[in-house]
Amino acid sequence: MPSNFIKSIISGDVRSGQTPQVVTRFPPEPNGYLHIGHAKSLCLNFELAAEFGGRTNLRFDDTNPLKEDEEYVRAIEEDVRWLGFEWASLCFASDYFEEMYERARLLIQKGKAYVCDLSAERIRETRGTLTVPGQESPFRNRGVEENLELFTHMKRGEYADGAKVLRAKIDMASPNLNMRDPVLYRIAHAVHHRTGDAWCVYPMYDYAHPLGDAIEGVTHSLCTIEFEDHRPLYDWVVRECEMPNRPRQYEFAPLNLPNTVTSKRKLKQLVSERVVDGWDDPRLPTLSGLRRRGYTPEAIRNFERAIGVSKSNSIVDERMLEHFVREDLKLKAPRTMAVLRPLRVVVINYPEGQMEWLEAENNSENPDLGTRTVKFSRVIYIEQDDFMDNPPPKYFRLYPGNEVRLKHAYFIRCEEVVRDADGRVAELLCTYDPETKSGSGFSGRKVKGTIHWVSADDAAPAEFRLYEPLVRDGATDESDSMLTRINPNSLEIVQGFVESSMKSAKPYDKFQFFRHGYFSADPKLTTPDRLVFNRVVSLKSSFGV
RNA sequence: CGGGGAGUAGCCAAGCGGUAAGGCGCCCGGCUCUGAACCGGGAACGCGGUGGUUCGAAUCCACCCUCCCCCGCCA
């Protein structure tokens, strides 16, 4: 991993002997699926610890049963593994409920916490504002015994939700709102996905997180910058709860991408309102969506490594992400031919009934991928875009009278354009030159363009799914108009053909379709008799249309 | 005078007092059976601003400007 400020800090701690073994953790709340932004944290935590010979836990921050679900736990585990990370321990904040409860009693005994009967509304009103200090709760000075007893009753579920909370006794006049007697425990008669109905009180993030870190022996607790002003509270909890381990929190800037929804709430909304086809819709930046789209773990990891780590707000150009998939798939994916929008071509001087199998390398830059054969015959399909009636100056594909090369085959010349009743191009009549066969070493004349094609009697029907951003510009802010900015063209479905050699494509099989881009067989829609390819990313093009 | 952060080329981002890495993107040329890839080359910054310290500052000091976060019994 390239140099960054967190790595420098850890490096210093290791060198000074302060940190014999680096321990980090990735702490998702199981209330949604992981997305590309989480991958940044994932990579940071796992790769950094690994670099220093340390370990990383996967810890679910499951302290709010109202929002969490087992489904998310499974999905998150799968995504973390898919990215290629192995956790040292699988942990749950809920595993520590008992210890957290005991530490809370310790806080009460030390006079550092109290049970407050104020309503949520009153607590808000007495918290003060950014510029006005808060007011102390009338329950702030209850005795230790009374607090202990009330807290016990809270735990037993003897009060209604919201009737009471346990608060830290810190400083209602602190300029840092987080220190104004923050709530540590709230009452919730809810069924927890792991502890069932064993608990009626649940710890808040600010209390549970530092304790979870300390219990696990985490040395460096990495989180995003919005938690920066929670750090004094984090330290307070660790100190006042007298935890033997003293983890340190460090904050980094989260990843932002243009035209990308990375708010869990919004992703959830898109899924529940069926704007998309589930959490793994290929248009989503979720890891499961990217996986289904055809992105690879390596591409995502290399991307995360390349964007670096700092504390400044930033928006990373999405072309960077695209660059890293292209780079990863370049040598891995076989390069085959697919015609997305077919135009029929009859090679009029190629004998009817004749055909031949041509040899084609699967990846000219990676011989290990071997070769395959491609059928050539009298009738073929080419791309509609590869023919123009009245081409602009620099167009070197097919047009009346022009000659191009058919990839892996022959030169063909456009002799005649056949039109339908509306005058539109229906098919092309071309001639081929047998002398120009690929691999023959022919050098008699050159041709400017090479186009791809598929023989009509060898073409396997296939569906291609082309994607554009799900939301338009400006849709990443927190305003509620996201649904009004959905891009109606985010998914375009096109029916065309691929070489018959691809009939056996399996889910997630990846190809570079010549001159189109990288495609991946859709895992949900591809069946033995139906081929569906998702376009991962197009090829770059310097051809200005 | 609420508190906490951040400002280095179009976008990320190194640098930590010695005279501006790298990646993405962009432009030009070469090569090419993918207008891809690849290979050359290039443009673009003097480091938010102003003062100051210093032989020398993006790096130190002062002041200023701009942007982001914080008033959930969410995380």
Side-chain angles (χ1 to χ4, degrees), chain A residues 2-4 8 27-29 31 61 63-64 66-68 116 118-121 123-125 127-134 161-167 174-180 182-188 202 204-206 208-209 223-232 251 253 255 258 264-265 302-303 305-324 326-327 330-331 335 337 360-361 364-365 394-397 404-409 411 436 438-439 442 446-452 512-517 538-544:
Chain A
S3 161
N4 65 59
S8 302
E29 182 190 10
N31 68 343
D61 246 335
T63 56
N64 186 354
L66 270 10
K67 296 187 173 178
E68 296 151 9
C116 179
L118 254 25
S119 66
E121 190 183 8
I123 287 182
R124 174 162 38 78
E125 289 165 0
R127 184 156 29 228
T129 68
L130 298 180
T131 52
V132 178
D161 290 3
K164 288 178 166 49
V165 291
L166 181 73
R167 289 228 252 171
S174 172
N176 182 341
L177 292 275
N178 296 122
M179 301 300 268
R180 316 239 265 228
V183 172
L184 264 24
Y185 270 92
R186 75 282 217 183
I187 298 171
Y202 291 92
M204 300 289 290
Y205 167 87
D206 281 319
H209 204 86
C223 64
T224 42
I225 41 182
E226 67 267 28
F227 291 103
E228 211 143 19
D229 47 20
H230 288 241
R231 194 168 61 222
E251 310 84 12
L255 167 65
K264 267 192 191 176
R265 202 196 97 242
N302 290 338
F303 165 73
R305 208 168 285 138
I307 59 173
V309 182
S310 75
K311 298 186 74 155
S312 58
N313 292 334
S314 60
I315 300 176
V316 177
D317 192 329
E318 66 265 48
R319 286 177 295 188
M320 238 216 254
L321 215 207
E322 297 178 346
H323 163 79
F324 284 99
R326 290 194 189 100
E327 183 187 73
K330 182 172 59 188
L331 300 181
R335 281 124 77 148
M337 299 192 284
E361 54 202 350
S364 55
E365 292 179 273
K394 285 294 189 77
Y395 188 83
F396 38 78
R397 276 111 93 149
V404 299
R405 179 194 296 279
L406 290 179
K407 179 75 184 173
H408 298 310
F411 285 10
T436 61
S438 286
F442 174 81
K446 297 243 180 215
V447 102
K448 262 301 218 184
T450 296
I451 65 174
H452 58 276
Q512 183 203 104
F513 291 153
F514 267 101
R515 306 202 302 134
H516 279 302
S538 64
L539 249 30
K540 293 212 300 182
S541 172
S542 59
F543 178 58

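Proteins get letters first, then strands, A, B, ... in listed order; numbering begins at 1 in each.
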Contact summary for [X] and [Y], nearest pair of heavy atoms:
{"X": "A:N176", "Y": "A:D229", "result": "ND2-O, 2.9 Å"}
{"X": "A:P258", "Y": "A:V316", "result": "CD-O, 3.1 Å"}
{"X": "A:K264", "Y": "A:N31", "result": "NZ-OD1, 2.6 Å"}
{"X": "A:A306", "Y": "A:F324", "result": "CB-CZ, 3.4 Å"}
{"X": "A:F543", "Y": "A:K394", "result": "CE1-O, 4.2 Å"}
{"X": "A:I123", "Y": "A:L118", "result": "CG1-CB, 3.7 Å"}

Using a 4.0 Å heavy-atom cut-off across all strands, classify [X] as base, sugar-phosphate, or nothing.
{"X": "A:E322", "value": "nothing"}
{"X": "A:Y395", "value": "base"}
{"X": "A:K407", "value": "base"}
{"X": "A:G134", "value": "nothing"}
{"X": "A:H408", "value": "base"}
{"X": "A:V447", "value": "nothing"}

Round to the nearest Å and state the distance from [X] atom [atom1] to [N] atom [atom2].
{"X": "A:R231", "N": "B:G3", "atom1": "CZ", "atom2": "P", "result": "16 Å"}
{"X": "A:N4", "N": "B:A21", "atom1": "CG", "atom2": "C1'", "result": "15 Å"}
{"X": "A:I315", "N": "B:G10", "atom1": "CD1", "atom2": "P", "result": "15 Å"}
{"X": "A:E318", "N": "B:G10", "atom1": "CD", "atom2": "P", "result": "18 Å"}
{"X": "A:E361", "N": "B:U32", "atom1": "CD", "atom2": "P", "result": "15 Å"}
{"X": "A:F396", "N": "B:G35", "atom1": "CZ", "atom2": "P", "result": "7 Å"}

Between A:S310 and A:S312, does any side-chain donor sit less than 3.5 Å from a side-chain acceptor?
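A donor-acceptor contact under 3.5 Å links the two side chains.
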
Assess the side chains of A:T224 and A:E226: does a donor N or O sit below 3.5 Å from an acceptor N or O?
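There is such a pair (donor and acceptor under 3.5 Å, judged by atom type) between the side chains of A:T224 and A:E226.
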
So, A:K311 and A:E228, do they make that salt bridge, N to O below 4.0 Å?
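The answer is yes: the pair qualifies as a salt bridge.
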
Kindly indicate, with the supporting measurements, whether the criterion side-chain contact (heavy atoms from CB on, under 4.5 Å) is fulfilled by A:I451 and A:L406.
CA-CA 5 Å; A:I451 65 174; A:L406 290 179; 3.8 Å; yes

A:K264 or A:K446: which one's nearest nucleotide on RNA chain B is closer to the 5' end?
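Nearest-nucleotide comparison on RNA chain B picks A:K446.
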
Using heavy atoms to find the nearest nucleotide of RNA chain B for A:S314 and A:R335 separately, return the residue whose nucleotide is more 5′.
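So the residue in question is A:S314.
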
Between [M] and [N], how far apart are the [atom1] atoms? Round to whole Å, please.
{"N": "B:U50", "M": "B:A57", "atom1": "C1'", "result": "15 Å"}
{"N": "B:G7", "M": "B:C12", "atom1": "C1'", "result": "14 Å"}
{"N": "B:U66", "M": "B:G49", "atom1": "P", "result": "15 Å"}
{"N": "B:G56", "M": "B:G52", "atom1": "P", "result": "12 Å"}
{"N": "B:C31", "M": "B:C39", "atom1": "C1'", "result": "8 Å"}
{"N": "B:C63", "M": "B:G42", "atom1": "P", "result": "44 Å"}
{"N": "B:G18", "M": "B:C47", "atom1": "C1'", "result": "16 Å"}
{"N": "B:C11", "M": "B:C60", "atom1": "P", "result": "24 Å"}

Atom pairs under 3.5 Å, N or O on each side, protein against nucleotides 22-25 of chain B: can you list them with distances?
| unit_1 | atom_1 | unit_2 | atom_2 | d |
| --- | --- | --- | --- | --- |
| B:C24 | OP1 | A:H323 | NE2 | 3.4 |
| B:G25 | OP1 | A:K540 | NZ | 3.3 |
| B:G25 | O2' | A:R319 | NH1 | 3.3 |
| B:G25 | O2' | A:R319 | NH2 | 3.2 |

What about A:R397, does its side chain sit under 3.5 Å from the base of B:G35 through a donor-acceptor pair?
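In this structure, the two groups form a donor-acceptor pair.
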
Selected nucleotide, minimal atom distance to A:R515 side chain, candidates B:U34, B:G5, B:A14:
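The answer is B:U34.
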
Phosphate OP1/OP2 of [N]: any [X] side-chain N/O under 4.0 Å:
{"X": "A:S364", "N": "B:U34", "value": "no"}
{"X": "A:S312", "N": "B:G5", "value": "no"}
{"X": "A:T450", "N": "B:U34", "value": "no"}
{"X": "A:K448", "N": "B:U32", "value": "no"}

What form does the base of B:G72 take, syn (within 90° of 0) or anti?
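Judged by the O4'-C1' to base torsion, B:G72 sits in syn, the angle falling within 90° of 0.
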
Is the base of B:G46 syn or anti, if syn means a glycosidic angle within 90° of 0?
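Judged by the O4'-C1' to base torsion, B:G46 sits in syn, the angle falling within 90° of 0.
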
Which pairs, protein N/O on one side and nucleotides 65-74 of chain B N/O on the other, fall under 3.5 Å?
| unit_1 | atom_1 | unit_2 | atom_2 | d |
| --- | --- | --- | --- | --- |
| B:C68 | O4' | A:N313 | ND2 | 3.2 |
| B:C68 | O2' | A:N313 | ND2 | 3.2 |
| B:C71 | O2' | A:R127 | NE | 3.4 |
| B:G72 | OP2 | A:R127 | NH2 | 3.3 |
| B:C73 | OP1 | A:R127 | NH2 | 3.3 |
| B:C73 | OP2 | A:R127 | NH1 | 3.0 |
| B:C73 | N3 | A:G162 | O | 3.3 |
| B:C73 | N4 | A:L118 | O | 2.8 |
| B:C73 | N4 | A:A120 | N | 2.9 |
| B:C73 | N4 | A:G162 | O | 3.0 |
| B:C74 | OP2 | A:R186 | NE | 3.2 |
| B:C74 | OP2 | A:R186 | NH2 | 3.2 |
| B:C74 | O3' | A:R186 | NH2 | 3.2 |
| B:C74 | O2' | A:N64 | ND2 | 3.3 |

Hey, is the main chain of A:G162 close enough, under 3.5 Å, to the side chain of A:R186 for a donor-acceptor pair?
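Not confirmed, A:R186 side chain does not pair with A:G162 backbone.
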
Dot-bracket encoding per residue of RNA chain B, Watson-Crick/G-U cut-off under 3.5 Å, | denoting interstrand
.(((((((.[[[..)..(...]]].(((((.......))))).....[[[[[..)....]]]]])))))).....

Under 6.0 Å from the CG atom of A:L66, do we count more than 12 heavy atoms belonging to anything else shown?
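It does: A:L66 CG has more than 12 such atoms within range.
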
Evaluate the salt bridge (charged side-chain N to carboxylate O under 4.0 Å, His left out) criterion for residues A:E365 and A:R335: first the C-alpha distance (whole Å), next the side-chain angles of each, then the deciding distance (0.1 Å), finally the verdict.
CA-CA 10 Å; A:E365 292 179 273; A:R335 281 124 77 148; 2.8 Å; yes

Centres of the A:H230 and A:H209 rings: under 6.0 Å?
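So the answer is no for these two rings.
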
